[in-house]
2 protein chains.
Amino acid sequence: MARPDIPLAQLHAFVVLAEELHFGRAAARLGIAQPPLSQQIRRLEDKVGHALFRREPGRVTLTPAGRELLPAARRALTDLADGLAAARAVGSGQAGRLRIGFAASLALTVLPDLLRTFRQRFPGVHLDIREMTSAPQLTALRDKTIDVGLLREPPAVDAELEFRTVLSEPFVAVLPAAHPLAAQRVVPLAELADSPFVLLPRAAGPQLYDQITGLCAAAGFPPRIAQHAVEWQTVCALVGAGLGVSLAPASIRRIRLRGVAFRRVEPGTARTRVAVAWVRNDQSPLVAHLLAAVGHDPRDRP
Amino acid sequence: MARPDIPLAQLHAFVVLAEELHFGRAAARLGIAQPPLSQQIRRLEDKVGHALFRREPGRVTLTPAGRELLPAARRALTDLADGLAAARAVGSGQAGRLRIGFAASLALTVLPDLLRTFRQRFPGVHLDIREMTSAPQLTALRDKTIDVGLLREPPAVDAELEFRTVLSEPFVAVLPAAHPLAAQRVVPLAELADSPFVLLPRAAGPQLYDQITGLCAAAGFPPRIAQHAVEWQTVCALVGAGLGVSLAPASIRRIRLRGVAFRRVEPGTARTRVAVAWVRNDQSPLVAHLLAAVGHDPRDRP
DNA sequence: CCGCGCCATACGCCTAGAGATATCACCTCA
DNA sequence: TGAGGTGATATCTCTAGGCGTATGGCGCGG
């Protein structure tokens, strides 16, 4: 990599003069007096070793050497200006790429709102959204494969990672509209003991799965799992089709499906927490912006 | 056109450090001590407004902003270096474009040698060769449509143009091998009076045409023109076919054609001069180089 | 725990370059 | 022929930037 030791001011003067072909006007456009411009050009010509302009009485023209240099000078200046602007945008978090991992169960709740507001505030940022369950998110964060994670039931503490609860929601019972319990506004958990369950497979989200089965166990019965489905959408459809009932985070209500009813469960103390995760001391302004965009669960304040 | 006021030295330091990712080695490669390098980088980061490198114990890495700036910086530097080199090459006449007009009758004589030697000495120069008769060459020179002309019978003086005789050659008679005069080594001009002539049309080169017919007139006869041909090659072919005889500049001997004989004419005083023409005070090094390459007619020295 | 590698900081020095004003040289045109 | 426009020169000032040496802070490994 060579080092062409030429002040950019000279190049700028050169380009402007090449456009104006008139020392007075060019100097005016540069906001300097005419003599300094003459000097700039002269110094540049000295460095190049050849005249760049032909000064004929009444008109200034580019020499062949000048014509050769002009496009390169222009490119160099614009490249630099653009690169600088881009670097500043990235540095200030107005541009760049943010890789977000998210748990599938959030695709219908926090994620859409989050993406919408973030996109609106930082349209220059490319969002790399990838669905992944909680454990892989944690390792991906540590490996710097993703910058931010959105997951359920975060670990309490972690040496490298930080978490913030975004939302804490109760569970609801998902029932076929024709189910006897659908007539009640509140469903005691124990009364679900006789109904077959439709759930996500445990592999899709162990924390949530275990929490749900734990709830049933606490109510005195092990859930009889009749069917697995990999998306909440499908779970609801199967429930609507009468294959069973389900227990799900309350935000599942967003899925409106004919023949499916959502009912509060009793006891209502159990809640799932949705959290953002990021690596401790991450300097990236994009992560900071995202954290600002998600806000926090009001109940999360100590 | 914006003016990114950043010393190129800083960009260079940035690029090298980005390649080495090690302050000590980068400084060594730049031929400076390490502290100045730290300063360079710091100043650049100040101008950009964001960190470009992350200094972690044991390793230096680019920040996203730095990664964004790097290609632009590289491009700017190489653009500039290349542009500078190109401008210097053009300025010193090692590169560029030279437009040469030449009279058709020279395509077989001075032109090939000239092009060969010039090409050899300045391989970077693109030669724009265009055939044109003398008068158009003069106006093309004045219009700056060509840079150099190669023509016969240059005007004695010209306010804007300069000339130098390159070659001064006698005329030869072009005869069919079977022609009675072909038996002699020297042909008195007057003896051609009875033979029909094959000549280039006057429009192709008035000066030469007039000189030839003038020679005949001086020998006491007007040439009887039996045939026109637009190239000397063709003229010779027609002569060889027995359609007539011709008078031509001696360099036509280069055309070797079965059945065609070339003979000195008497009187041998008449000569055509081939000259290079260029605009007076042309600064172009390419023109100077070409003039050096053509040399001059030894008899041209006063 | 000490030394070493690595980067940052502090200070001093010097030059190049950018700016201004004043003035000159030259061409053109009325 | 004189005025005006245009570019070059001369001179001065100021500052940014570049370099060096000396030194400080901080991990890391023997």
Does B:L138 reach the side chain of B:F163, with side-chain heavy atoms less than 4.5 Å apart?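 Yes, side chains in contact.
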Given side chains that start at C-beta, do those of B:H50 and B:E45 come closer than 4.5 Å, heavy atoms only?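 The answer is no, as the side chains (C-beta and beyond) never meet within the 4.5 Å cut-off.
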Check: B:L161 main-chain N/O paired with B:R280 side-chain donor or acceptor under 3.5 Å: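 Present.
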So, A:D79 side chain and B:A72 main chain: donor-acceptor pair closer than 3.5 Å or not?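 No, because the side chain of A:D79 does not come within donor-acceptor range (under 3.5 Å) of the backbone of B:A72.
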Atom pair distance, as rounded to whole Å: [atom1] in [X] and [atom2] in [N]:
X     : N      : atom1 : atom2 : result
A:I41 : C:dG17 : CD1   : C1'   : 14 Å
B:R59 : C:dG5  : CZ    : C1'   : 17 Å
B:R43 : C:dA8  : CZ    : P     : 13 Å
B:F53 : C:dC6  : CZ    : C1'   : 15 Å
A:I32 : C:dT21 : CD1   : P     : 12 Å

Pairs under 3.5 angstrom, nitrogen or oxygen only, protein versus nucleotides 25-30 of chain C, please.
none

Under a 4.0 Å N-O cut-off, is there an ion pair linking B:R75 with A:D82?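 A:D82 and B:R75: not salt-bridged.
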Compare side-chain N and O positions of A:K47 against OP1 and OP2 of C:dG17 and report whether any pair is under 4.0 Å apart.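 For C:dG17, OP1/OP2 do have a side-chain N/O of A:K47 under 4.0 Å.
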Compare side-chain N and O positions of A:H22 against OP1 and OP2 of D:dG7 and report whether any pair is under 4.0 Å apart.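 Yes, within the criterion.
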Filtered N/O pairs between nucleotides 8-13 of chain D and protein, under 3.5 Å:
{"residue": "D:dA8", "atom": "OP1", "partner": "A:R55", "partner atom": "NE", "Å": "2.4"}
{"residue": "D:dA8", "atom": "OP1", "partner": "A:R55", "partner atom": "NH2", "Å": "3.3"}
{"residue": "D:dA8", "atom": "OP2", "partner": "A:S38", "partner atom": "OG", "Å": "2.6"}
{"residue": "D:dA8", "atom": "N7", "partner": "A:Q34", "partner atom": "NE2", "Å": "3.0"}
{"residue": "D:dA8", "atom": "N6", "partner": "A:Q34", "partner atom": "OE1", "Å": "3.4"}
{"residue": "D:dT11", "atom": "O4", "partner": "A:Q39", "partner atom": "NE2", "Å": "3.3"}

Side chain of B:A33: nearest nucleotide among C:dC6, D:dT21, D:dG7?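 Selected nucleotide (nearest to the side chain): D:dT21.
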Partner residues of A:R152 under the side-chain contact (heavy atoms from CB on, under 4.5 Å) criterion, sequence neighbours left out: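 Result, side-chain contact (heavy atoms from CB on, under 4.5 Å) vs A:R152: A:S105, A:L106, A:E169, A:L208, A:P249, A:S251, A:T272, A:V274.
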Would you sort out whether B:L17 and B:F23 count as a side-chain contact (heavy atoms from CB on, under 4.5 Å), showing the intermediate values? CA-CA 7 Å; B:L17 180 56; B:F23 279 74; 3.7 Å; yes
Angle between ring planes, A:F122 versus A:H289, binned at 30° and 60°: parallel, tilted or perpendicular?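 Because their plane-to-plane angle is under 30°, the rings of A:F122 and A:H289 count as parallel.
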